[in-house]
J.: 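First the structure, then my questions, so here it is.
Lettering of chains follows the sequences in order, A, B, ..., and the numbering in each one begins at 1.
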Amino acid sequence: MSAQTDLEDLLARIVLRDRAAFRALFSATSAKLFGICLRVLNDRAEAEDALQEVFIKIWNRADRYKVTGHSPMTWLITIARNHAIDRLRARKGGGDTAEPDLVVADPAPGPEAQAIAAGEARRIADCLGELDQSRAAAVRGAYLEGETYADLAARFDVPLNTMRTWLRRSLLTLKDCLSR
Amino acid sequence: MSDRPTISPDDSGKAAEYVLGLLPDAEAREMRARLASEPALRAEVLAWERRFATMAEQEVAPVTPPASVEARLVTHLFRDDARSRWQWSGLWRGAAALAMAGLVAVAVLVFTGGPGSRDEPDFTAIIAAEDGSLQLAAALDLDSGQLRVSRQSGSVADGRAQELWLIAGDAAPVSLGLLSAEAETQVAVPEPLRALFAGAVLAVSDEPPGGSPTGAPTGDVLAIGVIEEIQA
């Protein structure tokens with residue numbers, strides 16, 4: 001919990017244009033976010049550019065962090081993943097990604113949300129493990145490799161509509177498992 | 001223990017597809033329109049962001065980026081004062097957009113930025129209540145004496161006022177003025193008081209409208225924060 005509080009504190013200071021806080025946040029989180037950019041983009045130079053752009057977004061949008069009700073790491077990872085996916089899809093040409101910062105939460109039910117998040121964090125590996133291996137791979141492919149339904153249908157050699165039914169069912173199974 | 005029991009499996013699936021960027025264009029547009037008016041759907045989108053981010057946090061190994069990334073970032077963001085002035089106005093535009101969307105009530109102060117005042121703050125403090133019911137972030141620029149206090153959570157009780165105090169060592173608290181009920185308060189700190197900031201404490205007390213009638217805090221201390229010096 002204290003690591004999370006530290007990041008909260010840094011983000012609060014970044015809203016006030018505190019450069020020292022920004023550099024501290026970079027040093028605490030850049031390796032994780034770079035790992036995510038690398039995983040999505042699979043290209044070191046491009047991941048470096050993406051990481052730089054991600055931190056520019058963080059600097060410019062820190063004031064919006066609070067309204068999402070997310071933990072700091074969830075917010076940071078969401079920005080990094082979505083930015084990297086945008087780049088990936090621009091490279092491939094076309095496609096539009098949900099812009100998460102357009103979504104604003106209702107004032108977060110703090111402790112309850114934190115308890116749910118902590119429970120999910122403990123269970124996520126087990127719950128992914130309960131999914132059929134190829135279905136878990138499809139979930140990871142969509143989130144971390146930016147695969148579209150067309151990509152997934154080709155990879156698993158099934159019709160597109162079947163792929164959609166299949167992935168949606170897997171996601172709901174995952175959600176049920178996480179909330180058990 | 002589900003987040004929002006009201007969400008249907010179909011909508012939960014759509015929310016997940018939206019977060020993954022899998023929805024066909026027409027359905028994504030429809031989803032954006034619905035999100036504006038459906039809090040339960042917004043909550044589900046955020047819940048999926050959280051679930052996927054949790055997966056990534058646990059499964060993706062950290063990789064230290066080369067130092068050149070941080071160097072480029074610092075150069076890009078901090079070298080040019082004009083640029084940071086622009087970023088401030090961008091911040092307020094963002095706040096204005098939220099206000100217009102009716103999501104948070106913020107009064108937008110027109111920021112005029114005095115010459116040379118856009119350097120990073122010399123002192124900052126997070127002034128917080130222990131139970132999190134009130135949190136403010138404060139930053140002082142030593143040269144201009146401008147103290148910005150931004151309200152991050154909590155509000156001013158109806159018919160009451162919140163007064164900001166500087167407490168240096170064993171000296172009596174010195175009033176820095178009343179806090180605006182809005183998002184940000186700007187205080188011009190007189191030169192003799194600026195010298196007291198190092199190692200001091202900022203506190204907020206509950207006071208009658210118009211502030212403490214005695215010149216010393218009269219109500220409860222609502223929040224307190226230690227002032228920290230920013231190393232250049």
Side-chain angles (χ1 to χ4, degrees), chain A residues 9 12-13 15-20 26 30-32 34-36 38-39 48 51-52 55-56 59-61 63-64 66-70 73-74 77-78 81 85 95-98 100 102-106 110 116-117 119-121 124-125 128 142-144 146 148-149 168 171-172 175 178-179, chain B residues 1-3 9 12-13 16-22 25 28 32 35 39 42-43 45-46 49-58 60-66 69-70 72-74 76-78 84 87-88 90-91 94-95 98 103-104 120-121 124 126 132 135 137 139 148 150 152 230-231:
Chain A
D9 187 63
R13 286 162 184 263
V15 175
L16 292 165
R17 316 283 81 181
D18 180 335
R19 298 173 184 189
F26 185 90
S30 60
K32 181 55 90 176
F34 188 49
I36 285 165
L38 264 179
R39 172 75 180 265
E48 287 176 18
L51 184 69
Q52 185 182 344
F55 273 94
I56 290 169
W59 174 253
N60 288 328
R61 297 183 181 183
D63 60 321
R64 300 191 216 167
K66 275 278 179 192
V67 293
T68 62
H70 282 324
M73 278 318 291
T74 289
I77 287 171
T78 303
R81 180 268 174 184
I85 295 278
D96 70 335
T97 315
L102 290 176
V103 174
V104 175
D106 306 293
I116 291 171
E120 286 181 353
I124 188 91
L128 280 162
Y143 188 72
L144 288 169
T148 62
Y149 274 133
R168 285 179 60 121
L171 290 167
L172 293 176
K175 179 188 168 185
L178 286 171
S179 61
Chain B
M1 268 268 297
S2 70
D3 301 301
S12 179
E17 289 175 301
Y18 178 77
V19 172
L20 292 171
L22 289 174
D25 288 349
R32 279 190 202 101
L35 284 170
R42 286 202 293 275
V45 163
L46 287 158
E49 285 183 355
R50 186 186 67 226
R51 294 173 192 128
F52 292 132
T54 304
M55 171 181 82
E57 187 173 6
Q58 293 187 11
V60 178
V63 181
T64 303
V69 176
E70 187 176 5
R72 278 190 293 160
L73 255 178
V74 168
H76 179 85
L77 287 175
F78 302 150
S84 64
Q87 279 160 352
W88 262 109
L91 185 71
L98 282 174
L103 296 164
V104 287
E120 66 184 290
T124 63
I126 300 294
Q135 181 168 304
R148 276 169 197 284
S150 129
Q152 298 183 324
I230 303 302
Q231 307 301 325

J.: Of all heavy-atom pairs between B/L73 and A/Q52, which one has the smallest distance, and what is that distance?
T.: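 Smallest heavy-atom distance, with atoms named: CD2-O, 3.6 Å.
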J.: Let me confirm one number: the CZ-CD1 distance from B/F52 to A/I77, rounded to the nearest 0.5 Å.
T.: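 With rounding to 0.5 Å, CZ (B/F52) is 13.5 Å from CD1 (A/I77).
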J.: Report which part of A/F26 has an atom under 4.5 Å of a heavy atom belonging to chain B: side chain, backbone, both, or neither.
T.: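 Looking at A/F26, just its side chain touches chain B.
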J.: What option among A/D18, A/L144, A/D9 has the most heavy-atom pairs under 4.5 Å with chain B?
T.: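 Among A/D18, A/L144, A/D9, the one with the most close pairs to chain B is A/D18.
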J.: Hey, which of A/I124, A/L51, A/T148 has the most heavy atom pairs under 4.5 Å with chain B?
T.: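 Looking at each of A/I124, A/L51, A/T148 in turn, A/I124 comes out on top.
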J.: Supply the atom-to-atom distance A/R19 CZ to B/L77 CG, rounded to the nearest 0.5 angstrom.
T.: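 The CG atom of B/L77 is 9.0 Å from CZ of A/R19, to the nearest 0.5 Å.
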J.: Mind listing the closest non-hydrogen atom pair of A/R168 and B/P9 along with its distance?
T.: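 The pair with the smallest heavy-atom distance is NH2-O, 4.3 Å.
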J.: With rounding to the nearest 0.5 Å, note down the distance linking CD in B/Q135 to NZ in A/K66.
T.: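 One finds 5.5 Å between CD of B/Q135 and NZ of A/K66.
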J.: Name the option with the most non-hydrogen atom pairs under 4.5 Å to chain B; the candidates are A/A117, A/A12, A/A20, A/A125.
T.: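 Counting heavy-atom pairs under 4.5 Å, the top option is A/A12.
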J.: State, yes or no, whether a side-chain contact exists between B/R50 and A/I116 at a heavy-atom distance under 4.5 Å.
T.: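 A side-chain contact exists here, since the closest heavy-atom pair is under 4.5 Å.
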J.: Side chains of B/E70 and A/F55: closer than 4.5 Å at any heavy-atom pair?
T.: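 Sidechains of A/F55 and B/E70: no contact.
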J.: With a 4.5 angstrom heavy-atom cut-off, could you sort out which part of A/I36 is near chain B: side chain, backbone, both or neither?
T.: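 Its backbone and side chain both get close to chain B.
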J.: If we define contacts as heavy-atom pairs under 4.5 Å, which of B/A137, B/A16, B/A61, B/A139 has the most with chain A?
T.: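 Maximum pair count with chain A is reached by B/A137.
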J.: Measure the shortest side-chain to side-chain distance between A/L16 and B/T124 over non-hydrogen atoms and say whether it is less than 4.5 angstrom.
T.: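 No, side chains not in contact.
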J.: Counting C-beta onward and ignoring hydrogens, is there a side-chain heavy-atom pair between A/K175 and B/S12 closer than 4.5 Å?
T.: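 Counting from C-beta outward, A/K175 and B/S12 do come under 4.5 Å.
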J.: For the backbone of A/T74 and the side chain of B/E57, can you confirm whether one donor and one acceptor N or O come within less than 3.5 Å of each other?
T.: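 The answer is no, because no donor-acceptor pair under 3.5 Å joins these two groups.
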J.: Nearest 0.5 angstrom please: A/L171 CG to B/R51 CZ, how far?
T.: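 If I round to the nearest 0.5 Å, the distance is 9.5 Å.
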